[in-house]
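Since the structure comes first, as structure tokens, the remarks are kept for the end.
As the structure lists them, so they are numbered: ligands from 1, and atoms in each ligand from 1. Just the heavy atoms: all of them, side chains too, but no hydrogens, waters or symmetry mates, feed the values below.
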Amino acid sequence: MMSASTSSQPRKPTVIITIGMAGAGKSTFVQRLNSHLHTVNSSRPPYILNLDPAVAHVPFEPNIDIRDTVDYKQVMKQYNLGPNGGILTALNLFTTKFDQVLELVEKRAETVDHIILDTPGQIEIFTWSASGAIITDAVASSFPTVVAYIIDTPRTTAPATFMSNMLYACGILYKTKLPFILVFNKTDVASHEFAIEWMQDFEAFQAALASHPGSRDADGEPTYMNSLMNSMSLVLDEFYKHLKAVGVSSMTGDGMQAFLDAVEESRDTYEKEYVPELGRARAAREKSLQNVKEASLSRFMRDLAVDRDKNPSATPNERWESEEENEDEDEDEDLDVDIIDQSEESWPGQYIDVTRMRRQDEQINWPRPG
Ligand SMILES: Nc1nc2c(ncn2[C@@H]2O[C@H](COP(=O)(O)OP(=O)(O)OP(=O)(O)O)[C@@H](O)[C@H]2O)c(=O)[nH]1
């Protein structure tokens, strides 16, 4: 149903990057989305990437699994790191191979409608790391991409927690600049209607805040936190306009179609807003590179002119050395440009066989085709 295309070019699949605090239900959500998409169109199931190296069990079968490539416990041992450092380093090592991952995904692009990324449980390992940014930029410059920010609805009913969660979402939105869907999960436990109301009407949020215990100090004055959140609700009012919000239950499957509808709408936003922005960013980067090149060329020409002024008699002798003259010289003197070939230079990943590392009794199955 999603594969219909009006142009001669096959329609590209949409990438859904699932992000969320630990325990928000990302993996359960991906599993539910996977089974929903299988039901909707069993001939075009989603292509799934698990990017969490530390997850003990994934409730779906990913097509590409970071755990097939890097063993984060080995990484912890070899680099003497704690769990979070191990997960981050494992993600960094995997990112060095992400071009191969993209190649595999691109090969399958015509046969799938959705590519789903499940990210590490510790949200900041993906959202605030260079690897997370590289992976996000790489997929977003190849495919229409949306971010699904998974929220644990029952744990977000307190106004202060809700506000913290929204501020975090705001940070990710402005960092990735990608279309963003707030997915209020676990609606089988608590409805997300309060959240929609607070997002649409900041006065309703402020009223909830005022009636929440602890909003006033001993003298009956609003506390500092209360005043701050009141002001923030006005600021976030603008931010909410750029978001879509849906309620889902990954447990029962409720709301999955509404989520997919939001993904379709976000795809349009990607085409209309992100792609032109990407083009502008590329043009600006090329221009600034060109400026740097021109500046260094003109500096070089200036220095050359100064040398000539200082030592005019040297000018007639300026010439390239013949090959015979060069042969006598120490070879090292020729190597003043420091170009590093990663395949020859030592780099951290070479101490880990990033292509074969899984518990020994398990079969290595990366890449897995279907
Ligand atoms: N009632 C209910 N529980 C849910 C729902 N979605 C997830 N859970 C539960 O929430 C807990 C966390 O779910 P996970 O899917 O492991 O969450 P996660 O965000 O992947 O957690 P990390 O592994 O830390 O990344 C599990 O006990 C799930 O069973 C839901 O829609 N309703």
Do ligand 1 and A22 have nitrogen or oxygen atoms that lie under 3.5 Å from each other?
no
Counting both backbone and side chain atoms, is some N or O of G23 under 3.5 Å from an N or O of ligand 1?
yes
Which of the numbered atoms in ligand 1 are below 4.0 angstrom from a heavy atom of A24?
19 (O)
Would you say the ring centroid of F259 lies under 6.0 angstrom from that of F29?
yes
Evaluate the 4.0 Å heavy atom contact test for atom 30 (C) of ligand 1: does a protein atom fall under the cut-off?
yes
Counting only heavy atoms on the protein side, is anything nearer than 4.0 Å to atom 23 (O) of ligand 1?
no
G121 heavy atoms within 4.0 Å reach ligand 1 at atoms 22 (P), 24 (O), 25 (O)
Walk me through it: do S27 and D118 pass the test side-chain hydrogen bond (donor to acceptor under 3.5 Å, both in side chains)?
CA-CA 7 Å; S27 304; D118 192 10; 3.1 Å; yes
Only heavy atoms count here, so choose which of T153, I19, T119, N185 is nearest to atom 6 (N) of ligand 1.
N185
Would you check the N or O atoms of M251, main chain and side chain alike, for any that come under 3.5 Å of an N or O of ligand 1?
yes
Under 4.5 Å between side-chain heavy atoms, counting indirect links through other Ile/Leu/Val/Met/Phe/Trp/Tyr residues: same cluster for V30 and M251 or not?
no
When you compare ligand 1 with S250, is there at least one nitrogen or oxygen pair between them that comes in under 3.5 angstrom?
yes
Any non-hydrogen atom of G20 lying under 4.0 Å from ligand 1?
no
Those atoms of ligand 1 less than 4.0 Å from some heavy atom in V189:
1 (N)
Does ligand 1 have an atom that lies less than 4.0 angstrom from a heavy atom of D188?
yes
Which ligand 1 atoms does K26 reach within 4.0 Å, using its non-hydrogen atoms?
15 (O), 17 (O), 18 (P), 19 (O), 20 (O), 25 (O)
Give yes or no for whether the N/O distance cutoff of 3.5 Å, strictly under, is met between T28 and ligand 1.
yes
In the complex you have, is atom 15 (O) of ligand 1 within reach of the protein, judged by whether a heavy-atom distance drops under 4.0 Å?
yes
Near S249 (heavy-atom distance under 4.0 Å), the atoms of ligand 1 are 31 (O)
Could you measure the distance from the CD atom of E286 to the CG atom of N291? Nearest 0.5 Å is fine.
12.0 Å
